[in-house]
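Right, one structure below, let's go through it.
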Amino acid sequence: MLRVAVVGSGPSGCYTAQSLVQLDSGVYVDVLDRLPCPYGLVRYGVAPDHEKIKSLQGSLRTVLEHERVRFLGGVRVGGPGGLPVERLRELYHAVVYCVGAATDRRLGIPGEELPGSWSATEFVSWYSAHPDAADAGFLRGVRSAVVIGVGNVAVDVTRMLVRGAAELRPTDIPQAALDTLAASGLGEVHMVGRRGPAQARFTTKELRELGVLPGTEVIVDPGELALDSIDVAALPAAQRRNVEVLRGWAERPPAPADRRIRLRFFLRPVELLASGGRVGGVRLERTVPDGLGGVTGTGRYEDVPAQLVLRSVGYRGVPLEGLPFDASTGTVPHVAGRVVRDGVPSPGEYVAGWIKRGPTGVIGTNRPCAKETVLSLLADAPALARGDVPEDPVAALRATGLDPVSWSGWLSIERAEAALGARLGRSVVKLADWEALLGAARSS
Ligand code: NAP
């Protein structure tokens with residue numbers, strides 16, 4: 001028998017647990033999460049109106065309900081007050097860290113810290129009811145917003161900013177976020193890419209969704225598309241489709257709309273401008289293609305007024321105390337998923353998901369990534385199984401003062417969220433704070 005801890009219950013953690021129990025009938029897996037709720041970014045990152053992607057929770061649930069898998073919520077590994085990595089290693093034959101990329105990249109430009117400038121991940125956490133998210137008054141007095149970056153997260157936050165109450169009400173968005181978005185006076189969102197449409201990171205399916213939002217017009221400047229003299233037919237299919245959609249929008253005549261999304265390209269942010277002690281606009285420098293997929297600045301600038309700036313320039317992994325970390329990539333050094341310490345693979349320690357390969361790819365990318373790690377772990381299993389570990393790690397965790405939220409605790413949270421939804425005349429509505437979540441979990 002091999003006892004494995006998987007740290008993190010997002011897609012990479014769940015796919016790791018799944019591969020482990022599918023590939024070896026002698027493996028028992030505990031999936032630990034610092035939150036009382038499972039599913040990681042599927043619960044706290046996928047936008048509430050993306051119900052189809054959210055429904056993936058159904059298949060992740062099957063993994064966590066497997067007879068040889070246990071969910072242990074509310075267990076923080078590493079950091080202040082957390083279970084030290086070294087202690088965790090003593091409790092299991094092997095540990096797989098699937099902790100994702102918990103923070104955001106920075107722009108490194110003046111004004112980035114002004115009130116009203118937020119990372120997209122802070123905004124996403126708020127509308128996803130993450131218990132650590134603050135209600136930061138994101139939309140107070142906001143008429144115009146700038147979203148910096150043209151990846152799928154930028155598309156998500158842009159779409160959520162213009163969605164109306166009628167579309168959000170059927171989702172599980174927390175009530176406070178729904179009320180705020182419904183009452184917002186926002187009229188315009190500028191989504192800005194520093195390179196051209198052919199280099200944009202969003203996927204075409206997500207891009208197209210912007211074009212069918214009720215009461216919202218998408219505006220693309222044909223002059224900006226023409227800055228890049230690309231041969232569209234020669235582009236890889238994904239980029240070609242993006243450019244075709246954007247060209248279609250650029251050719252459309254203006255239409256009346258309550259809200260506008262302006263998709264801008266070849267503009268890089270150089271400064272966030274202050275107005276009355278908070279952000280009032282973004283200074284952008286016009287760029288031109290350098291012929292190699294990059295851009296160069298032109299020294300010509302444009303100021304876009306904005307009372308809200310969402311910096312959506314990618315996630316970044318954070319170091320976990322006790323584990324090696326490569327600060328240049330924001331990942332844990334590894335060979336085929338085996339953590340590398342001082343240049344050599346460290347038996348019994350593994351990584352999967354974004355902390356292994358960086359914050360790229362869609363949810364499904366985590367499947368092969370997890371499998372590679374699990375194959376490494378199972379190849380090491382004969383040696384690992386000789387390790388001396390406690391009969392039941394949960395008893396040992398309790399002895400350190402931890403009280404993990406069990407699967408039945410999570411099911412109680414689910415029931416409380418259904419009950420809250422019923423009280424509000426909605427379907428399921430997420431609980432948005434620690435007290436409510438832990439109260440519901442402990443009532444099981
Ligand atoms: P991303 O795809 O890496 O996009 C980051 C964007 O930020 C790029 O446009 C990048 O431009 C820009 N950027 C980076 N540094 C910048 C700077 N200093 N100034 C201006 N722009 C800058 O990251 P993401 O949108 O956070 O997405 C992360 C991952 O999650 C992706 O794999 C994404 O597909 C996935 N995701 C998927 C979905 C979905 O499937 N529905 C939803 C959300 C997220 P350059 O290209 O020029 O660097």
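The first residue in the sequence is number 1, and the count goes up from there. Predicted model, so just to flag it, every value in this text is computed and none were measured. In listed order, ligands and their atoms are each counted from 1.
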Using a 3.5 Å cut-off on N/O to N/O, what pairs does ligand 1 make with the protein? A line per pair would be great.
residue, atom, partner, partner atom, Å
ligand 1, 3 (O), R201, NH1, 3.1
ligand 1, 7 (O), S312, O, 3.4
ligand 1, 9 (O), V150, N, 3.0
ligand 1, 15 (N), R194, NH2, 3.4
ligand 1, 18 (N), R194, NH1, 3.4
ligand 1, 25 (O), N152, N, 3.3
ligand 1, 25 (O), V153, N, 3.1
ligand 1, 32 (O), G361, N, 2.9
ligand 1, 32 (O), G361, O, 3.0
ligand 1, 34 (O), N152, ND2, 3.1
ligand 1, 41 (N), E206, OE2, 3.0
ligand 1, 46 (O), R195, NH2, 2.7
ligand 1, 46 (O), R201, NE, 3.1
ligand 1, 46 (O), R201, NH2, 3.3
ligand 1, 47 (O), R194, NE, 2.9
ligand 1, 47 (O), R195, NE, 2.8
ligand 1, 48 (O), R194, NH2, 2.8

What donor-acceptor contacts under 3.5 angstrom involve side-chain atoms of residues 236-252, with partners at least two apart or in another chain?
residue, atom, partner, partner atom, Å
N242, OD1, T204, N, 3.4
N242, OD1, T204, OG1, 2.8
N242, ND2, F202, O, 3.0

Side-chain polar contacts of residues 285-308 - donor-acceptor pairs under 3.5 angstrom, sequence neighbours left out - could you list them?
residue, atom, partner, partner atom, Å
E285, OE1, R268, NE, 3.2
E285, OE1, R268, NH2, 3.3
E285, OE2, T298, N, 3.2
E285, OE2, G299, N, 2.8
R286, NH1, F265, O, 3.0
R286, NH1, F266, O, 3.0
R286, NH2, E224, OE2, 3.0
T287, OG1, R194, O, 3.0
T287, OG1, F266, O, 3.2
D290, OD1, L292, N, 2.8
D290, OD1, G293, N, 3.4
D290, OD1, G294, N, 2.9
T298, OG1, R286, O, 2.7
T298, OG1, R300, N, 3.2
E302, OE1, R264, NH2, 3.1
E302, OE2, R264, NH1, 2.9
E302, OE2, R264, NH2, 3.4
D303, OD1, R283, NE, 2.8
D303, OD2, R283, NH2, 2.9
Q307, OE1, R143, N, 2.8
Q307, OE1, S144, N, 2.8

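Looking only at side-chain heavy atoms (C-beta outward), R367 and S12 stay at 4.5 Å or farther from each other. The side-chain heavy atoms of R159 and L210, taken from C-beta on, include a pair separated by under 4.5 Å.
Under the side-chain hydrogen bond (donor to acceptor under 3.5 Å, both in side chains) criterion, D172 pairs with no residue, sequence neighbours left out.
No donor-acceptor pair closer than 3.5 Å links the side chain of D49 to the backbone N or O of T171.
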